[in-house]
Colleague: 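Structure in structure tokens, see below.
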Amino acid sequence: MIELRNVRKTFDARPVLDDVELSLADGAVTALLGPNGAGKTTLLKCVLGLVRPSDGSVWLSGAPTDGAGVYRHSIGYMPQLPTFPPHMTARELFEMVDDLRGYDERPDEELVEAFDLRGELDKPFRILSGGTRQKVNAALAFRD
């Protein structure tokens, strides 16, 4: 479970998140909806450890997250628009992310099959269709 407890974030004097309390269940898919500038991206960056809250805390499985980001391998995140290096192949992207997360198996065969990526693994990301890019993005997010 991911919990945000009294999370506040300000940039300069401008408040972006104000006393956010949120619990996200394990195994759930969650969508954040709101108008532009509502703080959705900032909230996600706090959860991922890319931005530190000005106040409050983020908890994962009952423990506060640390500044080192060790907990991140437990969170699957799928950005709206993936911005991976265009020259890298899908296989190289899987390997790079797996190396960052400390996984040995490459790539996750179950996800490759589920997203029908077998024939796309050795193509540069820049030539993949938008839908195939999103499939690669999803397979990376669902990797556990």
Side-chain angles (χ1 to χ4, degrees), residues 1-5 7-12 14-18 20-54 56-144:
M1 171 172 303
I2 299 171
E3 295 177 79
L4 283 82
R5 300 179 182 174
V7 171
R8 297 175 193 268
K9 180 64 184 172
T10 58
F11 290 105
D12 296 323
R14 196 177 120 235
V16 177
L17 300 174
D18 186 19
V20 175
E21 292 275 338
L22 179 65
S23 294
L24 306 171
D26 288 344
V29 175
T30 303
L32 294 175
L33 302 174
N36 292 344
K40 301 177 299 290
T41 299
T42 300
L43 184 135
L44 285 174
K45 286 181 177 181
C46 286
V47 169
L48 295 171
L50 302 174
V51 167
R52 290 181 189 255
S54 303
S57 57
V58 178
W59 293 64
L60 179 69
S61 301
T65 56
D66 63 356
V70 175
Y71 66 93
R72 287 187 207 145
H73 77 277
S74 301
I75 300 173
Y77 168 68
M78 183 175 164
Q80 180 177 352
L81 299 172
T83 53
F84 299 118
H87 66 282
M88 292 182 77
T89 66
R91 184 182 311 279
E92 291 169 333
L93 289 170
F94 280 115
E95 290 173 359
M96 177 183 73
V97 171
D98 285 353
D99 283 344
L100 291 170
R101 293 179 179 167
Y103 297 139
D104 292 327
E105 179 187 336
R106 293 188 192 24
D108 185 314
E109 296 297 326
E110 186 176 331
L111 290 170
V112 168
E113 292 301 321
F115 289 104
D116 195 25
L117 292 171
R118 177 81 44 226
E120 311 298 327
L121 289 177
D122 296 310
K123 296 178 183 177
F125 195 71
R126 73 176 170 275
I127 69 166
L128 299 178
S129 70
T132 301
R133 289 178 188 197
Q134 286 293 50
K135 288 180 182 182
V136 170
N137 194 18
L140 290 169
F142 288 126
R143 179 88 156 103
D144 61 4

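These numbers come from the heavy atoms of this one structure, side chains and all, not from hydrogens, waters or symmetry mates. Numbering of residues begins at 1 and proceeds along the displayed sequence.
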Colleague: Once you round to the nearest 0.5 Å, how far does CG of Leu22 lie from CG of Leu17?
Modeller: 10.5 Å

Colleague: Give, for atom CD1 of Ile2 and atom CG of Asp26, the distance between the pair rounded to the nearest 0.5 Å.
Modeller: 8.0 Å

Colleague: Among pairs that include at least one residue of residues 119-141, which meet side chain to side chain donor-acceptor pair (under 3.5 Å), considering only residues two or more places apart or in two chains?
Modeller: Arg91-Asp122, Glu120-Lys123, Ser129-Thr132, Gln134-Asn137

Colleague: Could you list the donor-acceptor pairs under 3.5 angstrom formed by side chains in residues 34-50, with sequence neighbours left out?
Modeller:
unit_1: Lys40; atom_1: NZ; unit_2: Gly34; atom_2: O; d: 2.9
unit_1: Lys40; atom_1: NZ; unit_2: Pro35; atom_2: O; d: 2.9

Colleague: For the residue pair Arg52 and Lys9, what are the closest heavy atoms and their distance?
Modeller: O-NZ, 3.0 Å

Colleague: Restricting to salt bridge (charged side-chain N to carboxylate O under 4.0 Å, His left out), what partner residues turn up for Glu92, sequence neighbours left out?
Modeller: none

Colleague: Can you say whether the rings of Phe84 and Phe125 are parallel (under 30°), tilted (30 to 60°) or perpendicular (over 60°)?
Modeller: perpendicular

Colleague: What I'd like to find out is whether the side chain of Ser23 reaches to under 4.5 Å of the side chain of Glu3, using heavy atoms alone.
Modeller: yes

Colleague: State, to 0.1 Å, how close Val7 and Ser57 come at their nearest heavy-atom pair, and which atoms those are.
Modeller: CG2-O, 3.4 Å

Colleague: I'd like to check Asp18 versus Arg8 (side-chain heavy atoms, cut-off strictly below 4.5 Å). Are they in contact?
Modeller: yes

Colleague: Please examine the side chains of Pro85 and Leu93, heavy atoms only from C-beta on, and report whether any two atoms are closer than 4.5 Å.
Modeller: yes

Colleague: I need the minimum non-hydrogen distance between Ser54 and Thr10, along with the two atoms involved.
Modeller: OG-N, 3.0 Å

Colleague: Distance check, rounded to the nearest 0.5 Å: Leu24 atom CG versus Leu4 atom CG?
Modeller: 7.0 Å

